[in-house]
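Values below: all heavy atoms of this structure, side chains included; hydrogens, waters and symmetry mates excluded. In what follows, chains carry the letters A, B, and so on, assigned in the order in which the sequence lines appear, proteins first and then strands, with residues in each chain numbered from 1.
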Amino acid sequence: MSATTATAVPRTEAAIGPWRLRWRRFRRHRAGMASLVVLLLLALFCLAAIPMQHVLGMDPDATDLLARFDPPSAEHWLGTDEAGRDELIRLMVGGQMSLLVGLLATAVGGIFGLVVGVFAGYFGGRVDALLMRFTDGMIALPLLPLLIVLGAVDLTKLGFSSEFARSGAAGFWRIVIIIAIVDWTAIARLVRAATLSIKERDFVRAARASGAGPLYVMPTHILPNVATPIIVAFTLTVGRVILFESVLSFLGFGIVPPTPSWGNMLNNAQELVTTAPALAVYPGLLIFVTVIAVNFLGDGLQHAFDPRSER
Amino acid sequence: MTRYILRRILQALLVLLVMSFVIYSLIGLMPGDPLDIMLASNPGATPEVVEHLRKLYGLDQPLMLRYLRWLQDALVGQFGYSRTHSLPVLSVLVPALIQTCKLMIISFIASVILAFILGILAALKPGGILDGVISLFAFAGISVPVFWLALMMILVFAVKLHWFPASGIATVGDGGFRDQALHLVMPVITLALASTGGFTRYVRASMIEVLRMDHVRTARAKGAAEWRVVLVHAFRNALIPVVTIMALSFGVLFNGALLTETMFAQPGMGKMIYDAILGNDFNLALTGLLFATVVTLLSNLVADLAYGWLDPRIALT
Amino acid sequence: MSAPLLEVRGLRVGFPRAGGLRHVVAGIDYALSPGRTLGVVGESGCGKSMTALALMGLVPPPGRAEGSIRFDGRELIGQSAAEWRALRGNRIAMVFQEPMTALNPVMPVGAQIAEVQVLHKHLGWKEAGENAVAMLEAVGINSPRERARAYPHQLSGGMRQRAMIAMALACEPALLVADEPTTALDVTIQAQILDLMLELQDRIGMAIQFISHNLAVVSEIAHEIIVMYAGRIVERAPADALFANPRHPYTQGLIATLPDPEQRVARLPVIPGGVPDLDAGARGCRFADRCALADAGCRAAEPPAEEIAPGHFAACFKAAA
Amino acid sequence: MNELVALDGISVHFHLGGGGFLGGKPRILRAVENVSFAIGEGETLALVGESGSGKSTLGNVVAGLQPPTAGTLRFRGRTLDRATWPQARRSIQIVFQDPFGALDPRMPVSAIIAEPLRIQGIGTPAERRARTAALVEQVGLPVDALNRYPHEFSGGQRQRIAIARALAPDPALIVADEPLSALDVSIQSQVLNLMKELQERLGLSYLFISHDLAVVNHLVDRVAVLYLGRLVELAPRQLLFDRPSHPYTQALLHAVPRIGRKRARGQTIKGEMPSPLNPPPGCVFHPRCPKAQDVCRTTAPILEPAPGRAAHMSACHFKE
């Protein structure tokens with residue numbers, strides 16, 4: 001078969017797998033790389049609270065009414081708040097809360113959206129129509145007022161005990177869940193669109209011609225191929241969720257004080273804005289920096305995953 | 001076309017019906033019930049009286065039945081009384097709706113115009129310096145917490161610089177056009193900035209996409225000048241997805257309006273709903289939420305119609 | 001033969017990449033006389049489309065065209081953007097492969113044709129629109145007045161390409177560059193479009209540079225043919241001479257591997273291997289790796305184009321023999 | 001020749017929306033209309049037609065990717081339905097036109113080629129590895145291709161990988177949907193020769209879908225010509241190319257460009273294929289047909305032997 005044997009495969013970019021190529025492209029996206037560094041530093045900053053609490057014995061909840069609104073000092077690097085609590089350690093612990101809610105709510109809502117999107121896209125027809133009407137209905141809702149209503153829902157009316165309803169854990173999970181409930185639609189639509197296009201690709205049709213069913217095709221062909229847009233969408237969702245959390249906590253429906261979060265630290269900043277403007281600036285600035293870094297990271301990932309951005 | 005609009009309106013009404021039930025049930029899950037407040041002002045009420053009132057207001061009935069009774073009234077325009085305002089719900093809601101629409105429409109138009117200018121400029125040379133600056137601005141707009149931005153603006157422009165009033169829609173005793181306009185500046189900027197960021201990103205992405213297309217090369221091959229290629233051939237195509245997203249986002253603007261109105265003490269829908277929820281004013285909160293849903297559904301419908309109108313390839317049937 | 005309308009000398013199109021420029025067109029020479037048809041043949045990546053874009057001044061950035069393109073006595077390389085614009089669509093026009101994507105989807109077809117005259121002849125839209133209707137009729141579209149108001153998606157593939165041609169010929173250019181104009185079409189429609197182009201050439205008298213991967217299509221309409229391989233012209237000859245007596249091994253291979261609709265053979269001859277990476281063989285003949293005749297000399301130096309018969313050039317050390 | 005696959009009265013209609021509540025008139029696209037033919041063991045049948053003729057849809061039906069709206073499909077004498085398809089799948093494989101879309105970019109070549117075996121549960125992992133290695137060599141690729149990803153290969157090499165995948169479960173029939181049209185000319189002949197060689201060695205049948213009559217002439221035994229979803233001519237290759245019976249086939253043959261021929265003007269068939277949403281009455285070819293008479297506008301012709309050639313079927317009132 002000498003005449004039909006193809007010559008050796010050109011080895012130009014042979015050894016480089018797709019993920020290496022993407023990482024290389026991402027590294028060249030300056031804003032994305034800078035954001036990655038900023039986010040790592042922010043995470044370190046928030047986690048540094050753990051050794052400070054345990055080793056240095058700093059307590060984010062320790063009030064000192066004699067030391068309210070203290071300016072920055074050797075003892076309180078960023079001063080104290082209206083209850084005389086150390087602002088720095090509260091920012092660090094509050095950051096843990098905000099980031100954790102961001103990641104968890106994205107994971108819960110994202111996975112739900114992923115499942116809805118894949119099923120709607122793959123099966124089409126009635127399943128698709130039903131799921132998408134549902135999603136459209138969700139999108140038509142006035143989100144923020146609804147979040148507030150959900151945040152105000154009395155858990156005892158749903159049959160939870162009143163101790164649980166008042167506990168910090170309930171407050172934390174409540175906000176994770178309600179944000180997840182309202183923020184899965186974007187991912188569901190995106191995944192559906194990606195699934196629709198991939199299921200018509202020839203490699204999926206070849207598998208189906210060999211007798212592959214949905215349980216084979218979805219994990220083997222669909223999910224790996226929708227992975228890149230999903231990663232980008234998840235990243236952007238984290239940013240949006242952090243904003244949602246801050247708004248809800250700010251309005252008093254999110255993380256319940258005294259547990260700090262960046263949002264609820266701004267809770268009564270409005271009244272204090274003239275007396276202690278710094279207390280209003282720090283948490284907001286941290287939210288802003290975190291979310292903008294997350295968004296630039298998403299942009300960098302998008303650039304790295306786009307096959308057209310060769311260079 | 002008429003058939004299409006009819007069908008879409010029917011669909012929207014169906015969604016509205018389902019949503020009214022969802023919202024009705026959710027409101028019922030908020031702490032306290034209508035009687036608590038009534039009783040708070042009358043601590044001497046005996047359990048018999050409470051039971052009697054419960055029956056009178058139908059609160060002993062199952063949820064579905066109460067909902068149906070509410071729906072029956074709502075369909076003829078009876079949304080009940082606002083407890084906190086002691087007025088019929090609609091007479092509280094309508095002025096607030098007008099106020100909010102004013103704020104939303106001005107902000108929307110401002111952000112659309114700004115987004116088109118910035119988005120097109122950024123798309124002309126992706127990766128260039130101008131693109132970088134505009135992207136930074138756009139991402140800042142998307143990423144800034146609206147309430148914090150409002151706070152900072154109050155701090156800088158009202159408290160420190162005294163350029164603009166910090167709250168309200170008019171100064172008592174003045175209320176002239178200039179005074180009202182000054183009161184609108186900060187709310188509009190706050191509200192517009194958030195959506196401008198998102199819109200700019202969409203315009204930029206859409207323009208870059210279109211500028212890569214074959215027909216843009218054809219336009220150049222005809223000898224058209226670059227401004228003509230961008231503004232006539234590319235822009236019209238880029239407009240199609242962007243306008244859809246913008247129309248859809250009009251409803252989303254409501255979220256920002258709630259915060260902006262709360263921060264700047266503007267008597268609009270957002271603040272009204274917020275206060276109603278805080279004050280257990282069930283009828284007002286429920287009706288307000290429903291009207292907000294209607295606004296979103298309407299903007300969805302407009303988005304679809306705009307799509308069909310802009311894109312000759314889409315036949316709305 | 002009259003004085004050439006177009007004279008290309010040492011044309012190179014390069015794109016920057018790590019470690020210098022990558023030349024997708026690596027120095028080509030040819031000429032085209034008024035009213036004649038030049039066929040340009042080659043496989044994907046041989047540089048034939050980039051040559052066409054260079055003629056239009058439309059090499060996509062960051063690519064650059066160097067060398068010399070003389071058109072109608074003027075040097076095009078290095079002229080200003082405004083000078084290019086005055087030329088494009090006016091004296092040199094282009095037809096693209098995919099009429100669906102090459103037409104603006106949200107603009108009526110008539111307006112797209114009229115635009116050319118508005119731009120170059122400074123007519124009003126109304127007058128140009130009337131002319132567009134006449135042109136649609138001239139390219140064989142029925143009820144042209146209605147079609148002029150239609151959007152591209154409302155026309156069939158064949159009609160879209162006819163509209164594209166009407167647009168290109170709106171200012172009666174001296175040179176029409178057609179880049180794979182029939183590749184996206186079915187065979188019966190391809191035949192119609194080829195007929196149309198020949199008919200319009202008779203009427204308007206423009207020269208045509210017809211680019212295609214399909215030797216048979218080119219052979220039916222071209223007076224002279226260029227065969228390109230990896231950015232180079234390997235053979236250039238009058239159409240009859242090229243098919244009767246191909247001299248470059250690549251041309252010979254291309255003709256031999258083409259299945260003949262009239263005759264069936266047990267095994268088709270093949271050209272082994274694939275097109276090389278443009279960076280790889282910087283030295284020697286670019287076809288050497290796939291050539292049965294190649295020897296050490298072929299790998300050491302790049303063969304120059306030699307005139308082996310009147311008007312018949314081949315860039316091969318073995319062709320002269 | 002033993003019959004391998006037979007199509008009997010196959011139609012495929014697509015509903016393009018409409019109908020129902022406030023939906024307006026339903027729109028039905030008639031992609032394939034009442035087509036019957038059979039493919040023998042070891043035979044290559046070409047399905048020829050222009051875009052929109054329904055040839056790919058018909059290929060999908062044979063490959064089990066598109067259930068027909070009407071008609072039945074037989075494989076080795078058994079009617080294919082829900083119960084019998086799963087067994088038949090390993091015997092019918094498909095190769096697609098676009099070698100870039102046909103391979104999952106996230107899978108190494110070894111996993112791509114072994115996929116039909118994995119899905120069908122054929123062999124142990126070790127057996128599958130051995131088979132995959134053998135297949136790679138059989139289609140003329142180096143063994144070290146197995147661990148690489150599709151993006152490292154050229155179009156022609158990808159098409160070889162796709163062929164190896166189709167060969168994996170040892171099929172009896174390969175549906176080849178325009179397998180050459182996305183390839184460069186010099187690569188086309190390589191793949192064409194490979195397909196011929198594999199057929200001789202393995203006794204395969206091909207359903208070869210193509211718009212290129214010149215290629216068809218080199219590979220196939222019989223040719224079926226489709227126009228607007230209808231079978232208009234079905235004949236042994238030699239007969240069809242020498243004496244095309246249907247005016248559409250004649251026009252098609254005439255339109256094929258040939259080296260060394262100068263264009264003779266005015267002989268090209270007029271018009272374009274109408275929309276399958278709204279096919280013309282009578283013979284669907286009559287609006288473009290040079291021979292059309294009144295009968296053609298009202299009565300659809302049936303597929304019958306051409307005068308004096310029993311094996312040469314043609315659907316024309318004035319067949320030659």
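- Heavy atoms of other residues, nucleotides or ligands lying less than 6.0 angstrom from CD1 of Ile129(B) number 12 at most.
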Interchain donor-acceptor contacts below 3.5 Å (chain C, chain B):
residue, atom, partner, partner atom, Å
Arg88(C), NE, Arg220(B), O, 2.8
Gly89(C), N, Ala221(B), O, 3.1
Thr101(C), O, His215(B), N, 3.0
Thr101(C), OG1, Asp214(B), OD2, 2.8
Ala102(C), O, Thr218(B), OG1, 2.6
Asn104(C), OD1, Asn237(B), ND2, 2.8
Asn104(C), ND2, His233(B), ND1, 3.1
Gln112(C), O, Lys222(B), NZ, 2.9
Glu115(C), OE1, Lys222(B), NZ, 2.7
Glu115(C), OE1, His233(B), NE2, 2.9
Glu115(C), OE2, Arg228(B), NE, 2.6
Glu115(C), OE2, Arg228(B), NH2, 3.1
Glu115(C), OE2, His233(B), NE2, 2.7
His120(C), NE2, Lys222(B), O, 2.6
His153(C), NE2, Pro312(B), O, 3.3

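- Across all their heavy atoms, Leu310(B) and Val106(C) have their closest contact at O-CG1, 4.1 Å.
- When heavy atoms are compared at a cutoff of 4.5 Å, Leu87(C) does not approach chain B at all.
- For the options Pro60(C), Gly89(C), Ala86(C), Ala102(C), heavy-atom pairs under 4.5 Å to chain B are most numerous at Ala102(C).
- Residues Pro312(B) and Pro105(C) share a closest heavy-atom pair of CG-O, 3.5 Å.
- Only the side chain of Met164(C) has a heavy atom closer than 4.5 Å to any heavy atom of chain B.
- For Ala225(B), the parts lying under 4.5 angstrom from a heavy atom of chain C are both the backbone and the side chain.
- The part of Leu119(C) that comes within reach of chain B is its side chain, from C-beta onward, which places non-hydrogen atoms under 4.5 angstrom from that chain.
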